[in-house]
Undergrad: 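What follows is a structure written as structure tokens; I'll ask about it next.
When reading the values below, keep in mind they use all heavy atoms of this one structure, side chains included, and skip hydrogens, waters and symmetry mates. We number each residue from 1, following the sequence as shown. Nothing here was measured: the structure is a model prediction, and the numbers come from that model.
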Amino acid sequence: MTWHVAEDDVRAYARGELAPPMLWSADTHIAKCADCRDLLASVADPVALDAGWARLDAELDAPKRGLVESLLVRIGVADHTARLLAATPVLRRSWLGAVVALLVMTVLVTNSLKNSASPTLFLGLAPLLPLAGVALSYGPKFDPTYEMAVVAPLHGFRLLMIRTVAVLVAGLGLNGLASLALPGYGLAALGWLLPALALTTTALALTPRLGPVLAPSLVGGGWVAFLLVANNLHGGTLEPFTPAGQGVAAVVTALAAGLLYLLRDRFDARPAAFGPLA
């Protein structure tokens, strides 16, 4: 090789001060020329070189953002909050796909059985989906990041609320789309919304004492039992989906939210109902 990069240009290259197009020529030449690489090694600042390798290692070792996390960061969500949201188990495609499939089948069955004033099957099922999502989003049994969350400098109640909001946005959004597929029922197809909020907030308020799985399970079981009894007694439009029932659901939501706020510090104490970490 008859041409080599001048020593002054090599020094400028090492300092990051060499400008194009000489920079491009030096890049190409140094990659192929052992003599110029030796010269570069002799003039480079070892401290700066070590710092550069450290930055490269950190960049290579940094976890790559997934689609959900990237979208959250793009719309202005803080990096650490976006990571917590993206790690929510029920925001994975498998869970969302199962919820979509269940809603589609429920809508199809409801549309094929237009024999009542309200879509009872859909209204009874829809509030259970956000409730199940919350049960699967916090606690050592289902959350793979729970141990890290316990030792992180983050209020346990705040983590719970971050996960709950993520679940509610996803669950209520899917339920809302399913409601649009029931145009024959009009606004009655939205009768699930207040019961869903009432069930979710009640389960959250009971979580410090009963745990993140048992509390939603009992609330969901109570909801199903109540609907079965009400259906056997009355039929037609069930009480939770009447104006009076909607008012009761709103009151229950407000009371449970107030109780949850009062108990917020208990989530940092990690109650025994949460079970062992491993």
Side-chain angles (χ1 to χ4, degrees), residues 90 95-138 142 164 167-207 209-260:
V90 296
W95 164 262
L96 294 177
V99 170
V100 170
L102 182 58
L103 287 173
V104 168
M105 289 188 291
T106 305
V107 168
L108 292 176
V109 172
T110 301
N111 277 325
S112 67
L113 299 175
K114 290 186 176 180
N115 55 0
S116 64
S118 64
T120 305
L121 177 63
F122 174 72
L123 294 178
L125 171 70
L128 294 174
L129 298 179
L131 183 65
V134 170
L136 298 174
S137 296
Y138 188 78
F142 298 105
T164 299
V167 171
L168 288 178
V169 169
L172 300 185
L174 291 174
N175 283 352
L177 292 176
S179 300
L180 296 177
L182 298 168
Y185 294 99
L187 293 178
L190 295 175
W192 55 267
L193 179 57
L194 284 174
L197 295 176
L199 294 180
T200 300
T201 51
T202 300
L204 291 173
L206 295 175
T207 292
R209 178 169 294 275
L210 300 179
V213 177
L214 181 58
S217 299
L218 291 178
V219 172
W223 169 253
V224 172
F226 175 74
L227 290 182
L228 291 175
V229 171
N231 186 57
N232 289 332
L233 292 177
H234 300 284
T237 301
L238 302 183
E239 281 82 354
F241 312 119
T242 62
Q246 295 287 294
V248 171
V251 171
V252 171
T253 300
L255 292 176
L259 179 60
L260 175 63

Undergrad: Please identify each residue that fulfils side-chain contact (heavy atoms from CB on, under 4.5 Å) with Leu259, with sequence neighbours left out.
TA: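 Checked Leu259 against side-chain contact (heavy atoms from CB on, under 4.5 Å); matches are Ala205, Leu263.
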Undergrad: Find the distance between CG (Leu199) and CG (Leu204) and round it off to the nearest 0.5 Å.
TA: 11.0 Å
Undergrad: To the closest 0.5 Å, what do you measure between CG (Asn175) and CG (Leu168)?
TA: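 Separation between the atoms: 10.5 Å.
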Undergrad: For residues Pro240 and Trp223, report the shortest heavy-atom separation together with the two atoms involved.
TA: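 Residues Pro240 and Trp223, closest heavy atoms: CB-CH2, 3.8 Å.
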Undergrad: Would you list the atom pairs, donor with acceptor, under 3.5 Å between side chains in residues 189-198 and any protein atom, with sequence neighbours excluded?
TA:
from, atom 1, to, atom 2, distance (Å)
Trp192, NE1, Ser179, OG, 2.7
Trp192, NE1, Ala189, O, 3.1

Undergrad: For Leu214, check side-chain contact (heavy atoms from CB on, under 4.5 Å) against everything at least two apart and list the hits.
TA: Leu210, Leu218
Undergrad: Where is the tightest heavy-atom contact between Val213 and Pro216, given as atom of each residue plus distance?
TA: O-CD, 3.3 Å
Undergrad: With sequence neighbours left out, write down each residue that passes side-chain contact (heavy atoms from CB on, under 4.5 Å) with Thr242, or none if nothing qualifies.
TA: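 Thr237, Ala244.
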Undergrad: Are more than 12 heavy atoms, taken from residues, nucleotides or ligands other than Leu180, located less than 6.0 Å from that residue's CG atom?
TA: yes
Undergrad: Please find the pair of heavy atoms, one from Ala203 and one from Leu131, that lie closest to each other, and give the distance.
TA: CB-CD1, 3.5 Å
Undergrad: Whether the side chain of Asn231 engages the backbone of Leu227 through a donor-acceptor N/O pair (distance < 3.5 Å, no angle test) should be reported.
TA: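 Judged by distance alone, no pair lies under 3.5 Å.
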Undergrad: Under the side-chain contact (heavy atoms from CB on, under 4.5 Å) rule, collect the residues that match up with Val169, sequence neighbours excluded.
TA: Val165
Undergrad: Compile the donor-acceptor pairs under 3.5 Å between side chains in residues 97-105 and protein atoms, sequence neighbours left out, one pair per line.
TA:
none

Undergrad: With rounding to the nearest 0.5 Å, note down the distance linking OG1 in Thr200 to CG in Leu260.
TA: 11.0 Å
